[in-house]
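Data first, discussion second: the structure below is written as structure tokens.
In this text the structure is predicted, and so the values were computed from the model without any measurement. Side chains are part of it too, since the values below use all heavy atoms of this structure and drop only hydrogens, waters and symmetry mates.
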Amino acid sequence: MAEAFDSARHITIGQYMPGRSLIHQWDSRYKLAAFTLYIGAVAFCQSYAGNIAGLAISLFIVFLARIPIGYALKGLKPALPFLLILALLQLLFNGKVYANGQVYWQYGFIWLTEGGIRLVIVSTMRFVEMMLLVSVLTLTTTTTQLARAMHSLLRPLEKLKVPVHAFCMMITIALRFVPTFALEMDKIRKAQAARGASFGTIPWWRIIKRTQSVFPLIIPLFQLALQRAEQLIAAMESRGYRSHGRTSFRSFEARTADVLLLFVAVGAAYLLIWL
Amino acid sequence: MSSNPGIRKIVIAGVLGSIAILLGVTQLGFIPVPTAAGTVTIVHIPVIVGAVLEGWGVGTAIGLIFGVTSLLESTIPLFKDPLVAIVPRLFIGLIAYLIYAALKRKNEYIAIGAAGFIGSITNTVLVLTAAVLRNYLSLEVAVSVGLTNGIPEAIVSVIITTAVVAGWKKLTPSRKQKAKLLSEEVEG
């Protein structure tokens, strides 16, 4: 029961873990470009072989970054029961929608098809890979580095009058607040449970009840988020924040190793698509 | 957005985008149901709230975050196509804002509720249209998903959007109102 209340704390997205590994020292511009490419390849990979390779490569990246594997996988724990339910529902009810390939078993509206089974296995593996990759990227890169890398990669768009800096600032804020709001959400959940709300005790098939149980969680979360936003606005205004004409103390210097690692990532992405 | 959008817009977009990511990653934003789509989503609600509070630019930016999150985190293959996952989501904020702006003068509460309803319907209709056009779903499956998922989603969206926006607007009076209150104080 207590497990249900600190689920959100396990989210590793948006946190930073200092270190001196290869992945930590990788120039953040090249790292961002490489991860974007590779994550894109994982997202589009539909085959078993590709996803097994993808899982192996993702685990190897976690190892390279010297992040304890248990820590990187922690983010999976809260999503696990949901994933299992979803997998079961997809397996039973989605077979007809993705009815390509052999039909193994059929009863009324329940179809067990090759396409349906592939969908469940591949999408579960892909979820694990994504979780690991996004966690590693944010665990080894500070949000400042990430924002500056994004800014320098998107700079060409500034010529088209796209507000690149504002956009990067927005992404930075969004990533920065994910762990904060996860903690806040746990607090709200405990507070509401103390007042008699029944989270986690409603069986999943009572859909309307489950939907209703979301309201006392989501609405206070929005209010808290908007309050935080007001504080941040005041802090930024009082420090004279401007979104243009900003300079930086550090400059990027790419070494050969940074570029080589990017090529390795392109190779890995190509491998996944090809498999 | 102008070339130098205000701090307020950047921060509100960032914070609500953060909620969209959180709802997507923890799967809290998806309520499992036994239909072809598998889940009813509430992740589009930050987009509508952002659009109503700060205009269509902010709504579109949060829509982009929502789209990318669903592209990366979704377990359903049809959302692995950027044309289905991202492009339709860019329009939620725009349409929700237009509805809100059109009805605001008549009644603020109705305007917020209508923005929540139509914004959610925009998401359902555009995503399913894109899915049919890209041959992921047949037309009849799309229509049944639209009815079984779209309507509950829209109802949930109306409740949450109204509760959040109405509650928040009461907490902080707009600058005009603040000025009015101040001037009344001075006069009084």
* Asked: Which one of V156(B), L64(B), L53(B) has the most heavy-atom pairs closer than 4.5 Å to chain A?
  ->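 Max contact count across the listed options: V156(B).
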
* Using non-hydrogen atoms only, which part of P46(B) is less than 4.5 Å away from chain A: side chain, backbone, both, or neither? ->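 Both parts, backbone and side chain.
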
* Which atoms of I62(B) come close to chain A, meaning under 4.5 Å heavy atom to heavy atom: side chain ones, backbone ones, both, or neither? ->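 Answer is neither: I62(B) stays 4.5 Å or more from chain A.
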
* Residues which pass side chain to side chain contact (heavy atoms under 4.5 Å, CB included) with T180(A), listed by chain and number, not counting sequence neighbours ->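 Listed in chain order: R176(A), F177(A), R228(A).
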
* Could you pull out all residues at least two apart from F117(B) that satisfy side chain to side chain contact (heavy atoms under 4.5 Å, CB included)? =>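 Expected list: I121(B), A154(B), V158(B).
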
* Asked: Does a salt bridge link R8(B) with E237(A), judged by any charged N lying under 4.0 Å from a carboxylate O?
  ->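 Looking at E237(A) together with R8(B), the answer is no, because their closest N to O distance does not fall below 4.0 Å.
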
* Asked: Between the side chains of Y38(A) and E129(A), does any donor sit under 3.5 Å from an acceptor?
  ->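 There is no such pair (donor and acceptor under 3.5 Å, judged by atom type) between the side chains of Y38(A) and E129(A).
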
* Asked: Counting N and O atoms only, with roles assigned by atom type, does the side chain of R126(A) sit under 3.5 Å from a partner on the main chain of V122(A), one being a donor and the other an acceptor?
  ->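 Answer holds: no.
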
* To do: Let me know if L226(A) has heavy atoms under 4.5 Å from chain B in its side chain, its backbone, both or neither.
  =>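 It is both, since atoms from each part get that close.
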
* Check whether F222(A) gets within reach of chain B through its side chain, its backbone, both or neither, counting any heavy atom under 4.5 Å. =>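 Both parts, heavy atoms under 4.5 Å.
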
